[in-house]
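Here is the structure we will look at, set down as structure tokens.
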Amino acid sequence: MSGRGNSYSVPVVPVTTDPIPVRIESLKNKSNMTKTVRKYEVFPGKNKFYCNGRIMMAKQSGIFYLTCSLIVVTTGLFFGFDCVYLAVHVTPAIPAIGAVLFIFVMSTLFRTSFSDPGVIPRSTPDEAAEIEKQVEVPNTNSPGTYRPPPRTREVVVKGQVIKLKYCFTCKIFRPPRASHCSLCDNCVERFDHHCPWVGNCVGKRNYRYFYLFILSLSVLCIYIFACVLTHLILRAQQDNFLNALKSSPASIVEAVICFFSVWSIIGLAGFHTYLATSEQTTNEDIKGSFTSKRGQDNFNPYSKGSIIKNCMTVLCGPTVPSLLDRRGYVVP
Amino acid sequence: MMNMDAITSLPSNQCIKIFIQRDFSEGTAVKFQNKFPPELRGKVEESQFQSTINTINEIYGEAESLSMRTYCESCFACLTAYLAYLCMDTYYEKCLKKVKRYIEDQNKTIYVPHGIMLVDPVERGLRTLEVCLLNEANHR
């Protein structure tokens, strides 16, 4: 046979290319399915995760829902009752400004509550072993006894001596300004405080959102209070004051909520303004780490020198991405 | 039986690891000590290693600096009530990707041929820069 008969049989051998490695071999015993586990599911701290690891909050977040409800209910009543009157009788800019403030408050609240505050991932077993090895060397005269790794290490930060403490839970030497939150069981960078109202720690990554939240919330509080008063006074001019109150009972509720919360919110905003301008955390301020009472040479090495520079660093400084890789897959 | 070590790209737990610690002398900004570890003597040149560390520190320094770019980025994000962060990478993230590419390149061209592998500090939570000695067994 000629022509196209140039057919030769090529033995077809099935080639197994397996680009996707078997992830967890130990689960072969249970079933032949591969199971992929995301890192947030095996996170060692006490945080709770939602939305497949995208949202991270503290274990107890009940008070956060209270904060949310108070803000939403008060603003809702404001839009429903006072804005209706004021938009017509004064200017429609009032509900517009109110809406912008409300969106900003909720956005910064969610950013503070749902983001990683700056958790330092725990050390790998090799790192922990390396630290222990550094201790065992001087302990050659008592081989039987176990001594825990050294608790402090001293570093000099811009001329100021700072002690780094060893964290027994995370097995790391904490960087300067970091602290371990016992509620979340994590070391957090630039730890400020654990805020139950936002249901999360406040640290390096979410401090600016927290600060802008309390600042905008105090503005919103004062704004709603002022609008409520304007509304009641305008109504009282047409009628008497008691009738004005009867026609708009929601305004009383708003006024009460705003009046009782504004003092603590403004107080907190003022306190954090002081902290931001002096580049300190709540933790450092409470401990008095950088006051002159501790010694003549004691100063804050993190301060940039001027109020404006400190503020800019805190509010507009670079944002470190989360070091936790919550949605990454666990590789055994 | 599949050998896990053959398919994972990370080295096994059998190699010796050296940890380059953070340098806090200028504050809490990310910076690694460029002291040459004695275990690397003979494997790679001191100047080469220090140049690698210095370049890595430079990229981190750029990421952490309060430049006009960072300031404008933060102000813009604030004006959008921080919704802009849902769609864009921050400058810091871009710098971290740059570090990752640099380390991969250095590993491929210089270090792995000498039996050394640098691990991107981001994989260790920016706590330390891990240096693995690939050919040596850990006699622990």
Side-chain angles (χ1 to χ4, degrees), chain A residues 18 20-22 25 28 100 103-108 110-111 115 119-127 129-131 133 153 155-159 162 164 170 172-173 175-178 187 189-190 204 208-209 212 216 301-302 304 309 312-313 315-321 323-325 331-332, chain B residues 1-4 6-10 13 15-19 21-30 60 62-67 69-83 85 89-97 119 121-128 130 132 138 140:
Chain A
D18 192 11
I20 303 164
V22 172
E25 211 190 306
K28 254 169 75 175
V100 168
I103 290 171
F104 196 77
V105 165
M106 292 313 281
S107 173
T108 43
F110 289 152
R111 277 254 157 211
S115 59
V119 174
I120 305 175
R122 296 195 184 184
S123 75
T124 54
D126 292 312
E127 281 174 68
E130 175 73 18
I131 294 179
K133 198 174 78 166
R153 202 185 253 179
V155 288
V156 179
V157 180
K158 285 190 174 164
I162 304 272
L164 302 187
C170 305
I172 57 169
F173 275 98
R177 313 191 90 178
C187 272
E189 277 193 89
R190 201 188 183 279
K204 181 165 161 192
R208 77 188 59 181
Y209 309 127
L212 289 171
S216 52
Y302 312 110
K304 300 277 184 301
K309 277 193 188 161
M312 279 205 11
T313 311
L315 296 178
C316 313
T319 43
V320 187
L323 297 171
L324 288 179
D325 188 27
V331 179
Chain B
M1 269 298 241
M2 255 195 242
N3 185 3
M4 292 300 269
I7 50 176
T8 56
S9 57
L10 294 171
N13 285 337
C15 60
I16 294 180
K17 294 184 183 177
I18 306 160
F19 298 101
Q21 300 298 333
R22 287 268 292 269
D23 176 7
F24 292 119
S25 59
E26 282 167 36
T28 48
V30 180
Y60 283 129
E62 249 179 60
E64 300 247 5
S65 65
L66 190 60
S67 59
R69 178 184 176 151
T70 316
Y71 178 63
C72 289
E73 199 181 77
S74 303
C75 283
F76 169 71
C78 181
L79 288 173
T80 63
Y82 294 107
L83 297 167
Y85 281 150
D89 258 354
T90 61
Y91 184 55
Y92 207 104
E93 281 167 332
K94 291 187 179 122
C95 285
L96 289 182
K97 285 185 182 162
V119 175
V122 129
E123 312 263 342
R124 297 288 175 263
L126 292 180
R127 292 184 303 270
T128 170
E130 195 175 295
C132 297
N138 197 358
R140 286 262 205 104

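Predicted model, so just to flag it, every value in this text is computed and none were measured. To find a chain, count down the sequence lines: A is the first, B the second, and so on, and within it residues start at 1.
Looking at Val156(A), the atoms closer than 4.5 Å to chain B (heavy atoms on both sides) all sit in the backbone: N, CA, C or O. When heavy atoms are compared at a cutoff of 4.5 Å, Leu324(A) does not approach chain B at all. The contact between Tyr209(A) and chain B is made entirely by side chain atoms (from C-beta outward), counting heavy-atom distances below 4.5 Å. With a threshold of 4.5 angstrom between heavy atoms, Arg190(A) does not approach chain B through any atom at all. In this structure, chain B has no heavy atom under 4.5 Å from any part of Met106(A). Heavy atoms of Pro301(A) lying under 4.5 Å from chain B are absent altogether. Only the side chain of Leu212(A) comes within contact range of chain B, with at least one heavy atom under 4.5 Å from a heavy atom of that chain. Using a 4.5 Å cut-off between heavy atoms, Thr108(A) touches chain B through its side chain atoms alone.
Interface check for chain A: of the options Glu26(B), Arg127(B), Glu93(B), the most heavy-atom pairs under 4.5 Å are formed by Arg127(B).
Among residues two or more places apart in sequence or in another chain, the side-chain hydrogen bond (donor to acceptor under 3.5 Å, both in side chains) test is passed with Thr80(B) by none. By the side-chain hydrogen bond (donor to acceptor under 3.5 Å, both in side chains) test, Tyr92(B) pairs with Glu64(B), sequence neighbours left out.
Salt bridge Lys94(B)/Asp89(B): absent, no basic N to carboxylate O contact under 4.0 Å.
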